[in-house]
Amino acid sequence: MREDPDVCTAIEEIFAKEQITIRARAECVRFEQRGHDIAAGVNCTPGEPELVVGSHLLLAVGRRPNTDDLGIEKAGIKLDPHGYIEVDDQLRTSVPGIWALGDCNGKGAFTHTAYNDFEIVAQKSAGWPLTPPQRPDCLLRLFIDPPLGRVGMSETQARATNRSIRIGNRPMTRVKRAVEKGEAQGFMKVIVDGQSNEISRCDRSRSRR
Ligand SMILES: Cc1cc2nc3c(=O)[nH]c(=O)nc-3n(C[C@H](O)[C@H](O)[C@H](O)COP(=O)(O)OP(=O)(O)OC[C@H]3O[C@@H](n4cnc5c(N)ncnc54)[C@H](O)[C@@H]3O)c2cc1C
């Protein structure tokens with residue numbers, strides 16, 4: 001939902017080719033047994049298909065941190081009420097010399113936020129001379145097929161700055177290697193500063209999450 005509308009549309013089209021249908025903003029979701037199948041009601045709007053029927057139902061409605069079997073209470077490390085390890089903005093736990101990185105601290109739930117945690121600890125606590133980390137909302141790696149990746153601002157973010165920008169767009173059908181490999185779905189988009197022609201980067205001074 002944070003990506004540009006053209007990106008969302010492209011992904012929806014890719015899913016559609018795999019017979020994956022997205023029903024966003026579904027209201028009054030409900031389930032009922034239909035013989036050996038299960039039916040999910042996904043919309044209350046008259047005229048829309050009322051039920052999706054299938055053999056199985058997977059509910060992906062949140063995650064619980066897997067911190068309860070670590071025995072970290074023996075080290076005196078504090079958890080928050082949801083079971084995430086409590087950290088400050090340098091990812092220090094309540095015990096000096098112990099940091100918590102990645103999903104377990106509840107501050108992000110992505111590969112790139114976990115990596116950004118490493119960058120924060122490496123720079124701020126260990127003093128490693130790394131290049132300044134990108135803000136995680138300026139990075140995206142979505143492990144669909146083909147994968148979706150973004151570095152720097154989305155078009156929406158760049159337009160909101162009111163700076164002049166230039167946008168280039170190339171469908172993968174125009175990329176010969178993609179065509180050769182039979183992976184020509186989707187597109188590439190580049191957004192650069194109107195004056196410098198540099199990729200529109202996020203302002204790193206803003207907070208991490
Ligand atoms: C289905 C699914 C899809 C996802 N899709 C995306 C996506 O498209 N894009 C994206 O950016 N992120 C995605 N994520 C999230 C991403 O995988 C996580 O945010 C990221 O892996 C977190 O990194 P981490 O190092 O904190 O934890 P993990 O990668 O989970 O690593 C933790 C490691 O610790 C090990 N471990 C656990 N307990 C112990 C123990 N007691 N002793 C020793 N080792 C232990 C585990 O085996 C594991 O190897 C997805 C996650 C899931 C589950």
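Both counts, for ligands and for their atoms, begin at 1 and track the order of listing. These numbers come from a predicted model, not from an experiment. All values below were derived from every heavy atom in this structure, side-chain atoms included, with hydrogens, water molecules and symmetry-related copies excluded.
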Asker: Output the list of atoms in ligand 1 that are nearer than 4.0 Å to some heavy atom of His112, sorted by atom number.
Answerer: 11 (O)
Asker: Take atom 26 (O) of ligand 1 and look for protein heavy atoms under 4.0 Å from it; say yes if you find one, no if not.
Answerer: yes
Asker: Backbone, side chain, both or neither: what part of Ala114 comes under 4.0 angstrom of ligand 1, heavy atoms only?
Answerer: side chain
Asker: Which bit of Leu70 gets closer than 4.0 Å to ligand 1, counting heavy atoms only: side chain, backbone, both or neither?
Answerer: side chain
Asker: Going by the order shown, which atoms of ligand 1 are within less than 4.0 Å of some heavy atom of Gly102?
Answerer: 26 (O)
Asker: Parallel, tilted or perpendicular, judged at 30° and 60°: which one describes the rings of Phe118 and Tyr115?
Answerer: tilted
Asker: What's the shortest distance from atom 18 (C) of ligand 1 to any protein heavy atom, and which residue and atom give it?
Answerer: Asp103 OD2, 3.5 Å
Asker: Identify, by atom number and element, the atoms of ligand 1 in contact range of Arg141, meaning under 4.0 Å from any of its heavy atoms.
Answerer: 7 (C), 8 (O), 9 (N), 10 (C), 11 (O)
Asker: For ligand 1 and Phe143, I'd like to know whether there is a polar contact (N/O to N/O, distance under 3.5 Å).
Answerer: yes
Asker: Would you mind listing which atoms of ligand 1 come within a distance below 4.0 Å of any non-hydrogen atom of Ala109?
Answerer: 15 (C), 19 (O)
Asker: For atom 53 (C) of ligand 1, what's the nearest protein heavy-atom neighbour? Residue, atom name and distance, please.
Answerer: Arg63 NH1, 4.2 Å
Asker: Go through ligand 1 atom by atom and flag the ones less than 4.0 Å from a non-hydrogen atom of Leu142.
Answerer: 8 (O)
Asker: Check ligand 1 against Thr111 and write out every atom of the ligand that is under 4.0 Å from a heavy-atom position of the residue.
Answerer: 10 (C), 11 (O), 12 (N), 16 (C), 19 (O)
